[in-house]
Amino acid sequence: MQEEYPFRDIEPRWQRHWREAGAFRADAGDTSRKFYCLMMFPYPSSALHVGHGRNYIIGDAVARYKKMRGANVLTPMGWDAFGLPAENAAIKSGVPPRDSTFRNIATMKRQLEAWGVCYDWDREVTSCKPDYYRWTQWFFLKFLERGLAYKGKAAVNWCPSCATVLANEQVVNGLCERCDSRVVARQLEQWFFRTTQYAQRLLDDLSLLDGWPERVRTMQANWIGRSEGTRMDFALVPREDGAADPCAGVPCFTTRVDTIYGCTYMVMAPEHPHLKALVANLPQEREVREFIARASTESSLERASESLEKRGVFTGRRVINPYNGAAIPLWVSDYVLMEYGTGAVMAVPAHDTRDWAFAKKYGLPISISIQNPARSLRLEDMTDAYAEDGVVVDSGPFSGLHNREAIPRMTAWAAEKGFGGPMVHYRLRDWLISRQRYWGAPIPVIHCQACGVVPVPEKDLPVLLPENVEFRPTGESPLARCPAFMNVPCPRCGRPARRESDTMDTFVDSSWYFLRYLTPRLENAPLDRRVCDAWMPVDQYIGGIEHAILHLLYARFFTKVLCDMGLIGFSEPFAHLFTQGMICKRSEKDGLLYKMSKSKGNVVSPDRLIAQYGADTVRLYTLFLGPPEKDAEWDDRGIEGAHRFLRRVWRRVYENRDALRAARGLRPDPDAMDAAERDLHRKTHETIRQVTRDMEGAFHFNSAIARIMELVNAMDACGPAADGGAQRKAVYRAAAETVVLLISPFAPHVAEELWVQLGHAPGILAADWPAADHAALSRDEVEIVVQVNGKVRGRVTLPADAGRAAVERAALDVPGVRKHLEGRTVRKVVVVPGRLVSIATG
RNA sequence: GCCGGAGUGGCGGAACGGUAGACGCAGCAGACUCAAAAUCUGCCGAGGGCAACCUCGUGGGGGUUCGAUUCCCUCCUCCGGCACCA
């Protein structure tokens with residue numbers, strides 16, 4: 001054994017040991033004590049930085065801890081390997097996406113290994129490999145069969161500068177994430193998954209996810225955005241010229257039907273499908289068409305900007321308020337959105353702020369139909385809409401009701417009269433999965449002149465991505481310019497046909513990878529239900545908060561669909577979710593804190609730090625930074641402290657090697673200990689208790705590590721002399737072994753090495769996690785704090801079993817306490833056994 | 001605007017309603033050393049006092065309690081999510 005901590009020698013050696021021993025290979029057969037520990041699989045972008053590391057280090061610590069607790073742990077890893085960055089790199093550098101992706105995978109795999117993070121690599125999955133995306137395509141076909149996949153026209157995010165569509169998450173505040181150009185809407189034929197069909201179940205089942213952070217559940221609930229209200233049809237006043245209309249009426253949705261008697265006009269979105277027909281050949285047609293044209297050129301950012309005054313024009317048409325029969329004007333304005341509700345709203349300026357502003361601007365009538373509790377609302381005093389609750393007034397048979405009471409009654413009335421009724425609306429929209437991009441799973445359908453959209457027969461899967469494709473960004477999928485790919489006979493009629501050139505959103509790939517890990521090499525099916533049902537749900541899922549909505553919602557949706565199809569027997573994929581905070585780093589330029597990322601140029605590579613300090617130091621520091629669910633600031637100086645600590649642990653074992661060896665087999669005997677030994681013995685077991693609590697609870701590894709540091713500090717106060725007593729050695733050895741065991745999930749290499757140095761067989765993962773001995777936690781004497789009027793005025797040491805009366809008597813007798821009681825009468829004494837006495841004076 | 005989360009030393013952060021600041025970083029002093037590094041020891045919220053000690057202190061204000069960083073009300077600030085949502 002060397003005096004200096006030889007991490008450069010230890011770490012590669014143990015990494016090889018774990019790999020060769022298959023230390024992380026799960027026992028596929030026995031799932032009675034199964035623990036599926038999953039980390040979100042990464043996108044293989046160039047290389048990992050220490051910010052990424054947090055995710056893997058947390059997961060590895062959990063997996064190691066669970067193994068020591070005797071669980072059959074499954075920790076697989078794979079690659080979310082399709083995606084835009086590889087393709088953009090190909091446009092820039094000419095390196096094919098496949099090449100750069102596999103090169104990046106090799107780099108990241110090496111980095112993970114150097115970190116000492118272990119996986120069952122036999123189960124590795126790579127979403128861009130045909131044996132994986134074949135099944136992604138298969139799921140698409142199954143969705144298509146069940147009517148859950150469909151093609152429809154939709155507005156997509158279009159970046160004019162990159163000449164491509166962007167995913168929602170690539171649009172930041174209306175700007176392209178990469179080039180900061182304004183994103184505009186474009187109408188394109190797109191493929192969708194019908195997520196809206198599952199909106200209610202996705203919402204309801206959130207209540208089953210009590211192992212999820214509350215905030216993630218809240219975010220999902222907000223995203224689904226269930227809103228209960230009323231639907232009603234406004235009949236059109238027929239045209240004077242007698243011309244026919246495309247529809248009999250205009251449906252609209254409201255959550256405030258109680259205000260309907262105050263409705264003085266109606267507003268349509270510029271994109272409303274019937275709008276142009278409604279104004280055909282009217283004097284207003286020209287103005288309306290100009291308005292529509294102008295609205296269509298605006299970016300969503302411009303349209304949504306609060307500062308922009310809402311504009312609108314009168315359509316020349318009127319509609320009938322179904323409640324009171326009033327004919328009211330129909331306007332078109334950009335403050336109404338086609339994508340929410342029905343694309344038309346009833347406007348109640350007296351009780352809606354936006355309607356108020358619009359009515360004021362265009363001189364539209366305003367009419368009060370809800371009174372405040374004081375019944376003091378007067379139109380001439382109002383400076384804004386009254387949107388609060390109140391009493392319904394001037395509303396026919398509903399006048400006099402409280403507005404909250406009126407809502408169900410008025411809704412029922414709509415149903416009774418047949419012009420509307422209750423309606424539930426969701427903010428959630430169908431999932432747009434088309435991408436006009438090359439580096440994704442091709443959508444497996446064929447377009448035939450005669451037969452229309454024809455699914456690729458299952459036996460022809462996978463639809464392979466062609467190689468040697470040109471990547472010029474033109475807005476059309478690169479696949480469309482690849483004749484060898486595009487031209488195929490129609491599977492139905494045999495005539496020449498063309499393949500779909502869009503590929504699938506990469507979130508489709510990541511919606512089922514956790515199932516593929518369970519039978520990664522299965523050839524005739526994507527999964528095996530028996531194996532899935534035995535291992536699922538994932539016991540602990542660990543990933544970044546940035547996936548709180550998209551990935552986690554899509555994966556839940558997929559799981560429910562697969563469950564409905566009978567492919568699996570459970571409907572929620574992730575029982576416990578842990579979302580770690582981001583690692584940030586202060587910018588050298590402006591001194592501000594930014595998320596560590598390549599684009600911000602503030603990344604810290606693990607490679608150099610591991611070379612200089614070792615993986616255990618980097619791991620320990622990463623976990624010690626702060627509570628893992630919170631963002632943390634990376635400061636290179638702090639890493640010295642972690643290294644110093646490991647060096648100290650190493651040296652303590654080295655310095656005391658003779659005593660430690662001599663104590664093998666000796667058991668600490670509380671009856672034979674002196675006071676210092678008993679303190680260390682107690683500290684050892686207190687540390688076990690506290691660290692175990694941190695591991696089981698909120699994963700507060702930072703405080704777990706602090707506890708272990710305290711134990712090492714305590715060991716220094718009770719060092720064993722080479723010729724010292726047997727008890728001293730035994731207690732010290734027990735403390736040292738405890739440190740090694742407790743530190744092993746965080747700093748596994750040094751723990752493995754010291755475990756062997758302490759005379760154990762290699763393989764600390766097979767050792768039992770220590771258990772706290774309650775007898776060791778007890779004390780003969782306790783220090784009691786004495787408070788007078790809430791302030792600490794003294795302490796007294798008493799036998800632990802002293803009775804209340806004795807404690808109180810002793811407390812009142814402490815000199816510092818007596819001083820503060822002089823001239824006062826004791827009003828009340830509270831005794832907290834073993835802790836304190838609180839005295840209140842009159 | 002709505003919904004979450006958070007405000008504690010110079011810094012990261014600890015504290016089942018019970019001694020606020022554990023643990024670490026940075027800093028200061030000392031030991032060892034020719035010297036430095038490493039290591040070890042001590043100090044390290046603010047103010048007052050020769051000292052024993054005293055006062056203040058967990059974003060502000062109020063409340064519950066013998067006792068509040070912790071529970072309740074209210075306000076302020078910051079961060080995150082959603083947002084012309086009808």
Side-chain angles (χ1 to χ4, degrees), chain A residues 4 213-227 229-230 252-257 259 266-267 269 300 303-306 308 310 333-337 339-348 351-355 357-358 387 425-427 545-546 548-549 581-582 593 620-621 624-627 629-642 644-645 647-648 651 690 693 700 702-713 716 783-795 815-816 819 826-832 834-841:
Chain A
E4 282 309 309
E214 188 58 43
R215 66 169 170 159
V216 176
R217 291 198 283 171
T218 307
M219 281 163 76
Q220 291 218 350
N222 290 344
W223 185 265
I224 294 166
R226 181 189 155 101
S227 133
T230 313
C252 77
F253 170 74
T254 181
T255 53
R256 290 296 306 275
V257 67
T259 65
M266 175 180 247
V267 198
S300 55
R303 224 176 123 167
S305 87
E306 302 241 357
L308 197 73
K310 307 313 170 197
S333 171
D334 49 13
Y335 81 91
V336 175
L337 305 175
E339 57 271 25
Y340 190 83
T342 63
V345 301
M346 60 179 230
V348 184
H351 306 297
D352 181 285
T353 314
R354 290 153 305 159
D355 297 342
F358 194 78
H425 190 267
Y426 299 92
R427 208 191 69 100
I545 187 70
E546 65 275 18
I549 294 169
M582 290 181 304
L593 209 54
L620 199 71
Y621 176 63
F624 192 62
L625 273 177
E629 74 279 7
K630 291 213 286 188
D631 289 353
E633 180 184 343
W634 184 274
D635 178 355
D636 279 329
R637 278 180 307 184
I639 201 162
E640 288 280 355
R644 208 171 297 160
F645 173 68
R647 220 156 44 200
R648 200 146 76 94
R651 207 174 323 108
Q690 290 165 324
R693 204 180 53 203
H700 280 179
N702 58 325
S703 61
I705 291 165
R707 305 288 178 212
I708 300 168
M709 288 173 166
E710 281 183 56
L711 176 54
V712 174
N713 290 345
D716 283 357
E783 191 187 56
I784 305 281
V785 169
V786 188
Q787 295 181 337
V788 178
N789 293 329
K791 291 200 170 72
V792 178
R793 296 302 185 187
R795 298 142 212 276
K819 198 174 79 187
V826 173
R827 187 160 56 84
K828 186 172 183 179
V829 179
V830 178
V831 177
V832 181
R835 298 206 76 120
L836 61 69
V837 176
S838 182
I839 302 161
T841 66

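Being a predicted model, the structure only gives us computed values, none of them experimental. Chain letters run A, B, ... following the sequence lines, proteins first, then strands; residues in each count from 1.
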For rG7(B), is chi within 90° of 0 (syn) or not (anti)?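 With its glycosidic angle more than 90° from zero, rG7(B) counts as anti.
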Looking only at heavy atoms, which two atoms of [X] and [Y] are closest? And how far apart?
X: A548(A); Y: M219(A); answer: CB-CE, 3.5 Å
X: R795(A); Y: E783(A); answer: CD-OE2, 3.7 Å
X: L625(A); Y: E633(A); answer: CD2-O, 3.3 Å

Base rG4(B) to side chain E214(A), donor-acceptor N/O within 3.5 Å cut-off: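 No, no donor-acceptor pair under 3.5 Å.
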Ignoring hydrogens and geometry beyond distance, is the side chain of R648(A) in donor-acceptor contact with the base of rU39(B) at under 3.5 Å?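 No.
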Starting from [atom2] on [N], measure out to [atom1] on [X] and report it in whole angstrom.
X: R215(A); N: rC82(B); atom1: CZ; atom2: P; answer: 13 Å
X: I639(A); N: rG24(B); atom1: CD1; atom2: C1'; answer: 13 Å
X: K310(A); N: rA86(B); atom1: NZ; atom2: P; answer: 15 Å
X: I549(A); N: rC82(B); atom1: CD1; atom2: C1'; answer: 8 Å
X: R644(A); N: rA37(B); atom1: CZ; atom2: P; answer: 12 Å
X: R226(A); N: rC2(B); atom1: CZ; atom2: P; answer: 22 Å
X: L836(A); N: rU65(B); atom1: CG; atom2: C1'; answer: 14 Å
X: F645(A); N: rA38(B); atom1: CZ; atom2: C1'; answer: 18 Å

Contact nearer the 5' end of RNA chain B, comparing V785(A) with R827(A):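 First, find each residue's nearest nucleotide; the 5'-ward one identifies V785(A).
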Identify, between S838(A) and E339(A), the residue whose nearest nucleotide on RNA chain B lies closer to the 5' end.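 It is S838(A) whose nearest nucleotide is closer to the 5' end.
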Between [options], which nucleotide gets closest to the side-chain atoms of [X]?
X: R647(A); options: rC23(B), rU55(B), rU39(B); answer: rU39(B)
X: V336(A); options: rC54(B), rU19(B), rA86(B); answer: rA86(B)
X: N222(A); options: rC3(B), rA20(B), rC66(B); answer: rC3(B)
X: F624(A); options: rC85(B), rC23(B), rC56(B); answer: rC23(B)
X: R354(A); options: rC53(B), rC85(B), rC82(B); answer: rC85(B)
X: P627(A); options: rG13(B), rC23(B), rC85(B); answer: rG13(B)
X: R835(A); options: rG18(B), rC23(B), rC82(B); answer: rG18(B)
X: R637(A); options: rA86(B), rG18(B), rC25(B); answer: rC25(B)
X: M709(A); options: rC3(B), rC23(B), rG18(B); answer: rC23(B)
X: V832(A); options: rU19(B), rG18(B), rC85(B); answer: rG18(B)

Is there a donor-acceptor contact under 3.5 Å from the side chain of [X] to the main chain of [Y]?
X: D352(A); Y: A347(A); result: no
X: Y621(A); Y: W634(A); result: no
X: D631(A); Y: M582(A); result: yes

Indicate, with a heavy-atom threshold strictly under 4.0 Å, whether [X] touches base, sugar-phosphate, or nothing.
X: L625(A); result: sugar-phosphate
X: G225(A); result: nothing
X: N789(A); result: nothing
X: D352(A); result: nothing
X: Q787(A); result: base
X: R793(A); result: sugar-phosphate

If I pick the [atom1] atom on [M] and the same atom on [N], what distance separates them, to the nearest angstrom?
N: rU69(B); M: rG9(B); atom1: C1'; value: 14 Å
N: rC56(B); M: rG21(B); atom1: C1'; value: 15 Å
N: rC25(B); M: rC32(B); atom1: P; value: 24 Å
N: rA6(B); M: rA86(B); atom1: C1'; value: 33 Å

Starting at the 5' end of RNA chain B, what dot-bracket string do you get if Watson-Crick and G-U pairs under 3.5 Å are bracketed, crossing pairs use [ ], other-strand pairs use | and unpaired bases use dots? (((((((..(((.....[....))).(((((.......))))).((((....))))..(((((..]....))))))))))))....
Results of salt bridge (Lys or Arg N to Asp or Glu O under 4.0 Å) for E710(A) - residues two or more places apart only: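 Salt bridge (Lys or Arg N to Asp or Glu O under 4.0 Å) check on E710(A) returns K683(A), R707(A).
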Classify the ring geometry of F358(A) against Y335(A): parallel below 30°, tilted from 30° to 60°, perpendicular beyond 60°.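 Taking Y335(A) first and then F358(A), their aromatic rings sit tilted (interplane angle of 30° to 60°).
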Do the side-chain N and O atoms of N713(A) and R648(A) include a donor-acceptor pair separated by under 3.5 angstrom?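 Result is yes, a qualifying pair exists.
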